[in-house]
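To find a chain, count down the sequence lines: A is the first, B the second, and so on, and within it residues start at 1. Since the model is a prediction, treat every value here as computed from it, not as a measurement. Worth knowing before you read on, the calculation uses all heavy atoms, side chains too, and leaves out hydrogens, waters and symmetry mates.
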Amino acid sequence: MITATRLDQLHRRAYEKCIPINVTFEITLRCNLRCVHCYNFDRDLPYLPGRSREEELTDAEILRVLVEVRAEGCLFLSFTGGAALLHPGLEGFIRHASQAGMAVTVKSNGSLLVPATIDRIAAAGASAVDVSLYGSEAETHDSFVKVPGAFQRTIDGALRARAAGLRVRFSLLILRRNVDQIASMIELAARMGIPWSADPQITARYDGTRSSLDDRVDRESLDRLFRGPLRQLLPHLDEARTSVQCSCARSVCGISAFGEVYPCIGAPMPSGSLRRHSFHDVWCDSPALQWIRNLRLEDFPACRTCEHMAHCRRSSGVVYSNTGMYNGPEKFGEDWTCMEAEVFHRIHDEAPAIGGGPPLQGTASKETCG
Amino acid sequence: MMRPLRGDDRPLRSPSVAWQTIDGETVLLRLKERELLGLNAVGRQVWELADGKCSIDRIVERVVAEHRVPAGVARADVLRFIEELTAIGAFDLGTDGPVPAGEKP
């Protein structure tokens, strides 16, 4: 009655059949930090311009959506924010999702992982916590999140969560201001025995402001990182690549705090409101999602003839956030991703044997899903 | 070592396992181990019936009715399946308590 199954096969089947096995649910935009890169909105403002907290989904609406995404095929569910841990209903949402059979991850800045909270989310059925880390020392991390003491609380919270039996993973965001600390951040994670992933891609904000992009690493730093501390993370060289599509709108889906369905939480393209429609109806009938699913290589003007395609790890969500064009950019070089692909190409050419591990994932991590 | 299963045992899906039916196949994900297991149609039925209320005897009856297999074969297969999943922590066994009202033991 039991057969061998592999995660990559499961993901491939979900992709081919358009089953949303990965759903990221943004349950609130409230946050206790004021990160400079935050993609929600400029955190110097009290809230997302033009919206109010009262417009966020109610607990009853969130619970209804959880039932609907489960029925549509969700297996891996992530709660995010803002700071998801600030939502007073989180424990109930986790319990509901876990009892329904979903693998629940909480994305967190780590600073709210105090013992009582950890005990509650673990008892409710959360299995994992993704913790964002922005530096290997307090000065760097705290300047990034603009809250003194956040670094130590994040480190303490990550250790506590792991001790409580939760799977903890660090998400290392690579920025201009911490680029010289990447090696020490990796060492810190290794000393703590915590797997990590790393990403140099940040995006413009959903509110249309772009100052978050000021902190992106430059070409020289990127080149140095991927020949140095991130060498093992260089993406696969895929010379047979014939598509630049990612999992958006196929096996991946995002839901905003206001109930808007996105192709991915990183691609804030309004695709249907869960206040007006069921998740099933949006997922199956949304013109935006169907348009994405039907895109072919020739629909990506800068990519279709790009000499760097075999080296590129293009994220359509990032490109959409930065250019407003999901299948963009219009021309090569109009997005940071193009520069990254050029750098990867050059490194591959000089040392083609480099790379081959899961893209941008630390060796300490065996994560392949969720 | 696990004790022998009894017909009035009532297996319960463990919260240490996430699961979903995807494109007709039910998969179990062991959360700590990150191990994925696939179930055939009979396994899926047993998994869905394992709500802590339905006894093994009742599960066997349902499998026989649904899949038209001899009762002896069904019982052997169901017991082996439950043993295997209990051994890896995917089932908890509700054993000695009274059968909930309205449930056939």
Q. In terms of heavy-atom pairs under 4.5 Å with chain B, which of A:Ala14, A:Ser98, A:Cys74 leads?
A. A:Cys74
Q.
Is A:Ile21 in contact with chain B via its backbone, its side chain, both, or neither, using a 4.5 Å heavy-atom distance?
A. side chain
(Q) With chain B as the partner, which of A:Ser127, A:Gly73, A:Ala103 has the greatest number of non-hydrogen pairs under 4.5 Å? (A) A:Gly73
Q.
Could you check whether B:Thr26 and B:Thr21, counting side-chain N and O atoms only, form a donor-acceptor pair closer than 3.5 Å?
A. yes
(Q) Only pairs of heavy atoms separated by less than 4.5 Å count here; which of A:Ile19, A:Leu10, A:Val104 has the most with chain B? (A) A:Leu10
Q.
Given the ring of A:Trp283, does A:Arg293 sit roughly above its face, with NZ or CZ under 6.0 Å from the centre of the six-membered ring and within 45° of the axis?
A. yes
Q) What distance separates B:Leu28 CG from B:Trp47 CH2, expressed to the nearest 0.5 Å? A) 4.5 Å
Q: Sort B:Val27 into side chain, backbone, both or neither according to what part of it lies under 4.5 angstrom from a heavy atom of chain A.
A: side chain
Q. Using a cut-off of under 4.5 Å for heavy-atom pairs, which of B:Gly38, B:Gly43, B:Ala18 has the most such pairs with chain A?
A. B:Gly38
Q: Decide if the gap between the ring center of A:His87 and the ring center of A:Phe79 is smaller than 6.0 angstrom.
A: no
Q | Side chain / backbone / both / neither for A:Arg6 at chain B, heavy atoms under 4.5 Å | A | backbone
Q. Quick one: of B:Arg13, B:Arg44, B:Lys32, who has the most non-hydrogen atom pairs under 4.5 Å with chain A?
A. B:Lys32
(Q) For the interface with chain A, which of B:Leu39, B:Asp23, B:Leu37, B:Val42 has the highest count of heavy-atom pairs at distances below 4.5 Å? (A) B:Asp23
Q. Just by distance, do the side chain of A:Ser271 and the backbone of A:Tyr262 share a donor-acceptor pair under 3.5 Å?
A. no
Q) To the nearest 0.5 Å, what is the distance between CZ (B:Arg10) and CG (B:Asp8)? A) 7.0 Å
Q | Main-chain N/O of A:Leu113 paired with A:Ser108 side-chain donor or acceptor, under 3.5 Å | A | no
Q) Given a strict heavy-atom distance threshold of 4.5 Å, which part of B:Glu84 is in contact with chain A: side chain, backbone, both, or neither? A) side chain
